[in-house]
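Single-structure report; data block below.
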Amino acid sequence: MTVSAILGEKGHTVVSLTSAAPLHQVCQTLTANRIGAVLIIDGVDIAGIVSERDVVRIISREGAGALDRPASEFMTKKLVTCGRDDSVASVMEQMTTGRFRHVPVLENSTLVGVISIGDVVKYRIAETEREAEEMRNYIASG
Ligand code: AMP
């Protein structure tokens with residue numbers, strides 16, 4: 001199954017800020033939207049991503065003074081992305097290998113959504129339950 005199946009269910013909304021946005025705005029945006037990472041977009045370019053882990057890291061390293069510093073100073077710039085036609089299993093593998101929980105989805109270089117580890121796990125549980133149900137029906141009909 002592909003990433004499209006997840007996007008079809010959860011939608012294509014991408015919460016973003018610009019790289020000039022201060023850390024306190026990043027925190028407010030994560031909280032208000034109940035998400036774990038925000039994309040940083042300047043114009044049409046994806047400049048990076050800031051996740052909860054980045055926020056914890058910079059505050060623990062530099063203290064509350066960092067709250068006024070711009071996202072450009074603590075975002076991850078080298079992003080791993082996926083395509084709509086990539087398999088859910090391959091995205092899971094990317095997340096596991098790269099140790100991150102969010103992957104932006106691109107189609108022809110345009111951002112069309114974000115997949116989180118929560119989306120992947122939810123999808124895998126539903127898939128496993130469906131397979132078990134099919135197996136039960138198969139055995140019962142035999
Ligand atoms: P996360 O597990 O998503 O909270 O992110 C852990 C670390 O990986 C943070 O430093 C993020 O900025 C970074 N990160 C998150 N998503 C990606 C991604 N798709 N590609 C590269 N780095 C990422």
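What you are looking at is a predicted structure, and each value in this text was computed from that prediction instead of being measured. Every number for a ligand or one of its atoms is a count from 1 in the order of the listing.
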(request) For Arg57, counting its heavy atoms only, list the atoms of ligand 1 lying under 4.0 Å from any of them. (result) 10 (O)
(message) For Lys10, give me all partners under side chain to side chain donor-acceptor pair (under 3.5 Å), at least two apart in sequence or on another chain.
(response) Asp119
(message) I need the contact type for Met75 against ligand 1. Using non-hydrogen atoms and a strict under-4.0 Å cut-off, is it side chain, backbone, both or neither?
(response) neither
(message) Please check whether Ser51 reaches ligand 1 - meaning an N/O of the residue sits under 3.5 Å from an N/O of the ligand, judged on distance alone.
(response) yes
(request) Quick one: pull up CZ in Arg69 and CG in Leu67 and give me the separation to the nearest 0.5 Å. (result) 10.5 Å
(request) Of all the heavy-atom pairs spanning Ile6 and Val120, show the shortest one and how long it is. (result) CD1-CA, 4.3 Å
(request) Just need the protein heavy atom nearest to atom 9 (C) of ligand 1, so name the residue and atom and give the distance. (result) Asp54 OD1, 3.2 Å
(message) Closer than 4.0 angstrom, basic N to acidic O: yes or no for Glu133 and Arg136?
(response) yes
(message) Under a 4.0 angstrom heavy-atom cut-off, which atoms of ligand 1 come close to Thr76?
(response) 10 (O), 11 (C), 12 (O), 13 (C), 22 (N)
(request) Starting from the C-alpha separation in whole Å, work towards a yes-or-no answer on side-chain contact (heavy atoms from CB on, under 4.5 Å) for Val88 and Ile115. (result) CA-CA 10 Å; Val88 174; Ile115 298 291; over 6 Å; no
(request) Inspect the contact between Glu52 and Arg101 and indicate whether a charged nitrogen and a carboxylate oxygen are less than 4.0 angstrom apart. (result) yes
(request) Please indicate whether any nitrogen or oxygen in Val80 is less than 3.5 Å from any nitrogen or oxygen in ligand 1. (result) yes
(request) Determine yes or no for a side-chain-to-main-chain donor-acceptor pair under 3.5 angstrom, with Thr97 supplying the side chain and Glu93 the backbone. (result) yes
(request) Give the atoms of ligand 1, by number and element, whose distance to some non-hydrogen atom of Arg101 is under 4.0 Å. (result) 1 (P), 2 (O), 3 (O), 4 (O)
(request) Looking only at protein heavy atoms, identify the closest one to atom 16 (N) of ligand 1 and say how far it is in Å. (result) His102 O, 3.1 Å
(request) Just need the protein heavy atom nearest to atom 8 (O) of ligand 1, so name the residue and atom and give the distance. (result) Phe100 CB, 3.6 Å
(message) Please classify the Ile49 to ligand 1 contact at 4.0 Å (heavy-atom distances, strictly less than): side chain, backbone, both or neither.
(response) both
(message) With heavy-atom distances below 4.0 Å as the criterion, list the atoms of ligand 1 near Lys78.
(response) 21 (C)
(request) Please check if any side-chain donor atom of Thr18 sits under 3.5 Å from a side-chain acceptor atom of Asp42, or the reverse. (result) no
(request) Determine, using heavy atoms of Pro104 and all atoms of ligand 1, whether some pair is separated by less than 4.0 Å. (result) yes
